[in-house]
*Asks:* 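Sharing a structure below in structure tokens format, with a few things to ask.
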Amino acid sequence: MRSVELAKAYDPKSFEQRVYEMWKREGHFQPKIDRNERPFTIVIPPPNVTGVLHLGHALDNSLQDIQIRYRRMKGIPTLWLPGTDHAGIATQNVVERKLRKEGRSREALGREAFVEETWKVAMEHRAIIDTQLARIGASVDWSRERFTLDEGLSRAVREVFVALYERNLIYRGEYLVNWCPSCGTALSDDEVEHEEEPGALWHIWYELEGGPCPEWPSGKIEIATSRPETLLGDTAVAAHPEDRRYAGLIGKRVRLPLTDRIIPIIADSYVDPAFGTGLVKITPAHDPNDFLVGQRHDLARINILNPDGSLSSAVPEKYRGMKVLEARKAVLADLEALGLLNGEEKTTHAVGHCYRCHSVIEPYLSKQWFVRMKPLADKALKAWQDGEVVFFPRKWEHTYRHWLENIRDWCISRQLWWGHRIPVFYCRDCGATMVRREDPTVCTQCGSDNIYQDEDVLDTWFSSWLWPFSTLGWPKDTADLRYFYPTSALVTGYDIIFFWVARMIMAGMEFTGQSPFKEVCIHGLIRDKQGRKMSKSLGNGIDPLEIVEEYGADALKFTLAYNCAAGQDILIDRDSFKMGSKFANKVWNASRYILMNLEGRTYLPERELSYNDTDRWILHRLNEAARTVSQALESWRFNDAAQAAYAYFWDDFCDWYIEASKLSTKFGDEREKDRATTVLLKVLDESLRLLHPFLPFVTEEIYGMLPNAKGRLISARYPEWTKEREAPDIQAHFEALKEIVTLVRTLRSEFQISPEASIPLSLAFDDGYVHAAFIQEHVALIRLLAGASSVSIGQAGGAAAPEGTVSLAGKGLTIHVQVGGLLDIGRLVERLSKEREKEAAYIAKLESKLSNSAFLSSAPPDIIEKEKDKLAASKTKAAKLDLYIRELS
RNA sequence: GGGCGCUUGGCUCAGCUGGUCAGAGCGGCUGGUUUACACCCAGUAGGUCGGCGGUUCAAAUCCGUCAGCGCCCA
């Protein structure tokens with residue numbers, strides 16, 4: 001073989017993009033469809049085409065990539081389907097902002113041109129996102145990329161709308177919706193974010209219509225409200241029916257201040273007698289609870305707001321056009337002037353905000369389309385109960401269940417231009433409503449061609465909830481749909497369980513009769529080290545591409561996976577990624593070492609190859625690691641998987657195996673050098689396979705230089721645990737060897753014996769020391785690793801130490817280290833005494849446990865045995881320490 | 001108001017169904033340029049696992065409670 005020179009430093013920039021292009025070009029991302037094999041499929045949670053990928057996306061996609069690569073290497077036909085979401089409000093906002101900056105506006109542009117403009121922006125962002133995905137190494141099948149506004153997906157949306165309408169699960173109605181005055185559209189309940197904000201409760205007098213009367217001598221009642229401006233839309237005042245204080249008032253009427261209206265006092269059990277004065281103003285058009293009260297009592301609904309959040313013509317002239325806060329001030333001032341204001345108390349209350357633009361949400365009366373959710377939720381609930389879908393970690397199933405059990409109808413119409421237009425047509429002549437799969441040209445009822453389409457578009461999530469099957473071709477019965485659906489898993493953050501996960505399951509159950517995925521992996525959110533969300537306004541965001549630039553995509557992926565503990569948020573900063581970078585560097589350098597020493601070596605065929613004990617040890621460790629990593633990945637425990645891979649490679653392979661192999665590669669004969677080099681290459685090959693899902697780029701790059709590699713690593717087979725490689729006895733022996741080496745190293749380090757100092761060792765085994773033969777056989781290895789000049793096997797344990805030596809107490813043996821005059825005896829005695837004290841405390845603890853009859857009678861026998869063994873070992877060690885101390889003093 | 005989560009060495013966190021699980025990375029300290037790696041090697045210090053109570057032969061690990069922090073839903 002010829003040596004291969006790797007660059008001195010690990011430099012991901014020099015190969016990551018090249019490697020990605022190669023994978024793509026060679027078609028490794030496309031599934032190798034095999035009808036006899038069940039595929040592994042993930043559809044990507046589609047990023048919004050509003051923006052660019054942030055670290056949260058990097059996490060989500062890194063985790064998916066790890067799974068996809070792992071399954072692909074297992075030989076499973078694997079599909080990871082990419083795509084993006086048109087993100088209705090978000091994108092429209094971005095474009096409107098952009099237009100405003102250019103001095104243009106949506107209105108001036110008109111619907112068609114605006115949508116065209118938005119397509120342009122969306123496609124620009126999509127291109128950026130695609131590039132980013134490639135840069136972080138996402139092994140997605142680009143040939144199947146989708147967009148929620150694609151023709152096929154739009155067809156699915158329309159089919160679903162019409163079908164739900166036909167099943168009487170979609171209706172149009174006038175209800176209070178969450179209105180964002182800034183975006184000018186309705187929002188679903190889930191799109192409103194509630195925040196505690198300081199506010200006040202104002203106490204206001206309402207005068208009785210007839211003034212003072214026998215039942216109410218004061219002639220006025222006091223109500224408390226946090227929103228005084230809405231009194232302009234009041235249509236009643238209510239008290240609890242059992243509230244004795246106000247029993248006499250029910251049925252009377254009051255004069256609504258600042259208006260000329262007279263409104264009734266009613267009784268309704270919604271009122272909390274303990275709140276405020278126990279009397280509540282009722283504003284059916286501007287409060288969800290009042291809306292219900294109004295329904296029960298058949299009250300008028302007076303809409304006092306315009307769509308832009310200003311006061312409408314339904315209020316007295318002077319308030320018209322004012323914004324809500326302005327009107328509040330004016331109303332309060334006027335009440336004050338009239339002597340109708342009875343003070344204010346400071347409080348805090350929850351205020352709803354738009355999840356997109358953060359404006360205060362107004363409950364607003366309007367005609368909207370809704371989905372009747374209960375029947376859909378019941379199916380989704382059943383799917384979970386039947387075990388058709390399982391969450392990792394399980395705790396999120398409670399969140400899922402709770403939301404579904406308390407489901408409310410879903411407002412799906414949005415007063416936007418960007419999105420799927422609602423497929424409903426109305427006839428101007430006869431008033432017919434047409435909901436059809438194809439656009440009608442004339443009224444289906446009266447034949448008039450004077451028809452028009454609903455102006456609104458659908459909530460973005462109305463297309464997202466179909467994503468797992470619409471992307472595969474549904475409603476067409478495509479080959480992809482039949483083969484890949486239902487998908488295997490969904491990987492996403494807990495923040496969109498309601499928005500998305502639950503709704504996808506509903507849609508899947510309703511339209512395909514199956515849960516769209518079997519497993520749901522819910523991971524945490526990325527936060528900064530103070531636990532704050534990363535956001536533009538805080539300026540604490542980290543651009544994943546900056547990390548790729550600085551440390552490489554592998555470092556990004558590995559660090560995120562390593563820190564991804566089941567369902568926990570990930571607190572991270574820029575420096576955190578050094579961890580992954582250092583690991584990738586370690587892989588690079590270990591490989592570099594092996595590859596630089598190939599010159600003149602012969603790669604031995606399997607039949608001429610033999611494995612020594614060290615080889616069998618590392619193969620055992622590799623075998624264990626493969627099992628641990630697989631088990632962890634299959635139960636979505638990314639941190640455990642990454643840690644196992646890390647520990648195997650760094651601690652076992654680099655620190656022990658490669659070091660041990662130098663005995664052969666440096667000091668062996670030619671044949672032994674060939675043998676050892678061949679095994680090193682084989683183990684490296686398998687180690688790269690093990691690591692590939694976590695460090696795809698660096699492992700592929702190195703794999704390409706291995707003389708023994710075939711094909712590409714991305715499509716190579718993943719190491720699997722095998723019985724044949726199990727070697728627990730060798731594992732135990734090797735641990736004993738490591739103990740000896742470590743004891744000597746510790747001594748050298750603590751007493752600062754220089755590396756050059758030659759220290760002969762003599763080992764004395766206790767009776768029945770099970771590792772004796774192994775140790776004896778590998779004295780040369782101990783000599784190398786411990787840096788000893790010689791290692792000999794001496795007298796049985798307990799014997800007096802030879803002159804000029806220091807004794808170390810190992811498990812079942814004694815190490816005599818010939819130090820001559822190199823040691824500070826006083827310090828040594830001190831150290832030994834400290835060790836002796838620890839041992840004494842441990843012995844005391846074990847003895848008390850073992851003399852406890854309750855323990856002896858209740859604990860399982862094997863536990864008791866173990867404790868006894870520990871005590872015996874500890875006592876032996878203590879005795880040795882006593883001996884050493886005596887000898888030295 | 002309802003629900004959930006967190007509180008483990010200086011920092012960020014792992015520790016599933018109770019008995020070598022008291023761990024990792026970073027940081028600290030000591031020593032080291034043996035031709036893979038100073039993004040390294042060898043060694044080392046540091047925690048009564050938030051407080052209290054309980055279950056158990058045995059609890060960081062289960063139960064209760066209190067305190068602090070955070071999230072979600074009303």
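Computation of the quantities below employed the complete heavy-atom set of this structure, encompassing side-chain atoms and omitting hydrogens, waters and symmetry-equivalent molecules. Lettering follows sequence order; numbering is per chain, from 1. A quick note: this is a predicted structure, and the numbers were derived from the prediction, not measured.
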*Asks:* Around atom NZ of Lys673(A), are there more than 12 heavy atoms from other residues, nucleotides or ligands closer than 6.0 Å?
*Replies:* yes
*Asks:* Salt bridge between Lys877(A) and Glu835(A), side-chain N to carboxylate O under 4.0 Å?
*Replies:* yes
*Asks:* With a non-hydrogen cut-off below 4.0 angstrom, is Ala859(A) in contact with a base, only sugar-phosphate, or nothing?
*Replies:* base
*Asks:* Runs of at least three consecutive Watson-Crick or G-U pairs, both distances under 3.5 Å, are what I'm after; which ones involve RNA chain B?
*Replies:* B:1-7 with B:67-73, B:10-13 with B:23-26, B:28-32 with B:40-44, B:50-54 with B:62-66
*Asks:* Considering only the C1' atoms, how many Å lie between rG47(B) and rG15(B), rounded to the nearest integer?
*Replies:* 15 Å
*Asks:* Taking all non-hydrogen atoms of both residues into account, name the closest pair between Ala625(A) and Tyr648(A) and its distance.
*Replies:* CB-CB, 3.7 Å
*Asks:* Quick one: sort the Tyr400(A) and Phe391(A) rings into parallel, tilted or perpendicular, breaks at 30° and 60°.
*Replies:* tilted
*Asks:* Describe, in one word, how the ring planes of Phe653(A) and Tyr657(A) are oriented to each other, choosing from parallel (under 30°), tilted (30 to 60°) and perpendicular (over 60°).
*Replies:* parallel
*Asks:* How far, in whole Å, is rC57(B) from rC16(B) if one measures between their P atoms?
*Replies:* 23 Å
*Asks:* Distance check, P atoms only: rA22(B) and rA60(B), in whole angstrom units.
*Replies:* 10 Å
*Asks:* Quick one: do Glu362(A) and Arg227(A) make a salt bridge, cutoff under 4.0 Å?
*Replies:* yes
*Asks:* Check this for me: does any side-chain nitrogen of one of Arg621(A) and Glu624(A) sit under 4.0 Å from a carboxylate oxygen of the other?
*Replies:* no
*Asks:* Please produce a list of atom pairs where a protein N or O lies less than 3.5 Å from an N or O of nucleotides 36-38 of chain B.
*Replies:*
{"from": "rA36(B)", "atom 1": "O3'", "to": "Arg592(A)", "atom 2": "NH1", "distance (Å)": "3.3"}
{"from": "rA36(B)", "atom 1": "O2'", "to": "Asn589(A)", "atom 2": "OD1", "distance (Å)": "2.8"}
{"from": "rA36(B)", "atom 1": "O2'", "to": "Arg592(A)", "atom 2": "NH1", "distance (Å)": "3.1"}
{"from": "rA36(B)", "atom 1": "N6", "to": "Glu659(A)", "atom 2": "OE2", "distance (Å)": "2.8"}
{"from": "rA36(B)", "atom 1": "N3", "to": "Asn589(A)", "atom 2": "O", "distance (Å)": "3.1"}
{"from": "rA36(B)", "atom 1": "N3", "to": "Ala590(A)", "atom 2": "N", "distance (Å)": "3.3"}
{"from": "rC37(B)", "atom 1": "O4'", "to": "Asn589(A)", "atom 2": "OD1", "distance (Å)": "3.0"}
{"from": "rC37(B)", "atom 1": "O2'", "to": "Asn585(A)", "atom 2": "ND2", "distance (Å)": "3.4"}
{"from": "rC37(B)", "atom 1": "O2", "to": "Lys586(A)", "atom 2": "NZ", "distance (Å)": "2.9"}
{"from": "rC37(B)", "atom 1": "N3", "to": "Lys586(A)", "atom 2": "NZ", "distance (Å)": "2.9"}

*Asks:* Work out how far the C1' atom of rC49(B) is from that of rA38(B), and round it to whole angstrom.
*Replies:* 34 Å
*Asks:* Which part of the nucleic acid does Tyr646(A) contact within heavy-atom distance under 4.0 Å: base, sugar-phosphate only, or nothing?
*Replies:* sugar-phosphate
*Asks:* Go through rC57(B), rU44(B), rA74(B) for me and flag the one nearest to the Ser858(A) side chain.
*Replies:* rC57(B)
*Asks:* Give every pair of a protein N or O atom and an N or O atom of nucleotides 27-30 of chain B that lie under 3.5 Å apart, one pair per line with the distance.
*Replies:*
{"from": "rU30(B)", "atom 1": "O2'", "to": "Gln752(A)", "atom 2": "NE2", "distance (Å)": "3.1"}

*Asks:* Base, sugar-phosphate, or nothing for Ser581(A), non-hydrogen atoms under 4.0 angstrom?
*Replies:* base
*Asks:* Within the structure shown, what part of the strands sits under 4.0 Å from Tyr562(A) by heavy-atom distance: base, sugar-phosphate, or nothing?
*Replies:* sugar-phosphate
*Asks:* If you only use heavy atoms from C-beta on, which nucleotide in rG19(B), rC73(B), rA42(B) is closest to the side chain of Pro860(A)?
*Replies:* rG19(B)
*Asks:* Among Lys868(A), Lys870(A), Lys875(A), which residue satisfies the salt bridge (charged side-chain N to carboxylate O under 4.0 Å, His left out) criterion with Glu847(A)?
*Replies:* Lys875(A)
*Asks:* Would you mind reading off the distance between Ile497(A) atom CD1 and rC71(B) atom C1', rounded to a whole angstrom?
*Replies:* 12 Å
*Asks:* Looking only at side-chain atoms of His402(A), point me to the closest of rU20(B), rA42(B), rC73(B).
*Replies:* rC73(B)
*Asks:* Between rA36(B) and rG19(B), how far apart are the two C1' atoms, rounded to whole Å?
*Replies:* 43 Å
*Asks:* Out of rG19(B), rA74(B), rA14(B), which has the shortest distance to the side chain of Glu867(A)?
*Replies:* rG19(B)
*Asks:* Assess Arg503(A) against Trp410(A): is NZ or CZ under 6.0 Å from the centre of the six-membered ring, and within 45 degrees of the ring's axis?
*Replies:* yes
*Asks:* Between rG25(B) and rU8(B), how far apart are the two C1' atoms, rounded to whole Å?
*Replies:* 15 Å
*Asks:* Taking atom C1' in both rG18(B) and rC13(B), what distance in whole Å separates the two?
*Replies:* 22 Å
*Asks:* Which word best sums up how the rings of Phe558(A) and Phe694(A) line up, parallel for under 30°, tilted for 30 to 60°, or perpendicular for over 60°?
*Replies:* perpendicular
*Asks:* Assess the residue pair Trp588(A) and Tyr593(A) against the criterion (ring pair (Phe, Tyr, Trp, His ring centres under 6.0 Å)); give the C-alpha distance rounded to whole Å, side-chain angles, the decisive distance to 0.1 Å, and a yes or no.
*Replies:* CA-CA 9 Å; Trp588(A) 181 265; Tyr593(A) 164 74; over 10 Å; no
*Asks:* Kindly determine whether Phe583(A) and Tyr646(A) satisfy ring pair (Phe, Tyr, Trp, His ring centres under 6.0 Å), including the steps that lead there.
*Replies:* CA-CA 8 Å; Phe583(A) 185 46; Tyr646(A) 181 99; 4.7 Å; yes
*Asks:* To the nearest Å, give me how far apart CZ (Phe638(A)) and C1' (rA24(B)) are.
*Replies:* 19 Å
*Asks:* For atom C1', what is the distance between rG27(B) and rG10(B), given to the nearest Å?
*Replies:* 7 Å
*Asks:* Classify Ser857(A) by what it touches in the nucleic acid, base, sugar-phosphate, or nothing, heavy-atom distance under 4.0 Å.
*Replies:* nothing
*Asks:* Looking at Lys13(A) and Glu16(A), is any side-chain nitrogen of the basic one under 4.0 Å from a carboxylate oxygen of the acidic one?
*Replies:* no
